[in-house]
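Below is one structure, written out as structure tokens; comments come after it.
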Amino acid sequence: LVKTELALTATDRAVLARVMVGGLKRIAARTGRDLDPVLALFDAAGGVGLALIDTPRDAKRAINALSAALPLLPPDADVRAASLEIVLRVLVPELDATRLEARHRVPEPDREALLAELTASVGQSARASAARAALRALVLRSHDPQPDERERT
């Protein structure tokens, strides 16, 4: 056996976005859950979740993880935050998941310090920049289940 690395062109962000949206629509149809708030995470024009995805393989891993985890969420769960957390955990294994779970118990004034701890834990990741943006969305906005219109544009 010979191990060879192929140099492939980068995958178009629009293609990755379509893969994610298609997968989310199949999950929504199967579970009967409204996943519209999650779709904005994977928008080709700057979705914070899509920034974590580099290849079609990453997209497939993310959809598989979402497909397994979303049906297990309680009906009143924030599917947007849960979906971002799932994708972040799957694609950035360096993340300190225990500290990430603590974000719900951290008072508002201490969230910046928690964010600094979490971003330090992903500092050497290939997806460090995208992971920092996703962590910021989760930790500093975890109390706000829906993004406002300024975040979507």
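The basis for the numbers below is simple: all heavy atoms, side chains too, and nothing from hydrogens, waters or symmetry mates.
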Check: Of Leu52, Val48, Leu50, Val92, which meets side chain to side chain contact (heavy atoms under 4.5 Å, CB included) against Val87?
Finding: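 Testing Val87 for a side chain to side chain contact (heavy atoms under 4.5 Å, CB included) against Leu52, Val48, Leu50, Val92 leaves exactly one candidate, Leu52.
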State, to 0.1 Å, how close [X] and [Y] come at their nearest heavy-atom pair, and which atoms those are.
X	Y	value
Val90	Ala65	CG2-CB, 3.4 Å
Phe42	Ala17	O-CB, 3.3 Å
Thr119	Arg132	CG2-CG, 3.6 Å
Ala62	Ile53	CB-CD1, 4.3 Å
Ala81	Leu138	O-CD2, 3.4 Å
Leu84	Ala137	CD2-CB, 4.0 Å

Note to self: Tell me if a side-chain donor or acceptor on Asp110 pairs with a main-chain N or O of Val106 at a distance below 3.5 Å.
What the structure shows: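 Flag not set: sc Asp110 to bb Val106 has no pair under 3.5 Å.
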Note to self: Return the CZ to CG distance between Arg13 and Leu16, rounded to the nearest 0.5 Å.
What the structure shows: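 Those atoms lie 5.5 Å apart.
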Check: From Leu115 CG over to Arg136 CZ, what is the distance, rounded to the nearest 0.5 angstrom?
Finding: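 Nearest 0.5 Å value for the CG-CZ distance: 5.0 Å.
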Would you list the atom pairs, donor with acceptor, under 3.5 Å between side chains in residues 20-33 and any protein atom, with sequence neighbours excluded?
from, atom 1, to, atom 2, distance (Å)
Arg26, NH1, Gly22, O, 3.3
Arg30, NH1, Ser67, OG, 3.1
Arg30, NH2, Ser67, O, 3.1
Arg30, NH2, Ser67, OG, 3.2
Thr31, OG1, Ile27, O, 2.8
Thr31, OG1, Arg33, N, 3.3
Arg33, NH2, Leu73, O, 2.9
Arg33, NH2, Pro74, O, 3.1

Checklist line | Steps toward side chain to side chain contact (heavy atoms under 4.5 Å, CB included) verdict (Leu95, Leu118) | finding: CA-CA 7 Å; Leu95 180 64; Leu118 290 168; 4.2 Å; yes
Checklist line | More than 12 heavy atoms of other groups within 6.0 Å of Gln124 CD | finding: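 Check fails, neighbour count at 12 or below.
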Checklist line | Same apolar cluster: Leu100 and Val79, side chain cutoff 4.5 Å | finding: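 Yes; Val79 is reachable from Leu100 via cluster members.
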Item checked: Worked verdict on Glu85 versus Leu88 for side chain to side chain contact (heavy atoms under 4.5 Å, CB included) -> CA-CA 5 Å; Glu85 182 176 347; Leu88 189 58; 5.6 Å; no
Item checked: Audit row: Arg127, Val122, side chain to side chain contact (heavy atoms under 4.5 Å, CB included) steps and yes/no -> CA-CA 8 Å; Arg127 294 180 171 92; Val122 298; over 6 Å; no
Next item on the list: State, with a plain yes or no, whether a side-chain heavy atom of Val19 is found less than 4.5 Å away from one of Pro56.
Entry: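 In short, these two side chains do not touch, never coming nearer than 4.5 Å.
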Next item on the list: Give the intermediate values and the outcome of side chain to side chain contact (heavy atoms under 4.5 Å, CB included) for residues Lys60 and Arg57.
Entry: CA-CA 5 Å; Lys60 182 169 176 30; Arg57 182 176 183 265; 5.7 Å; no
Item checked: For Arg18, salt bridge (Lys or Arg N to Asp or Glu O under 4.0 Å) partners two or more places apart ->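 Checked Arg18 against salt bridge (Lys or Arg N to Asp or Glu O under 4.0 Å); zero matches.
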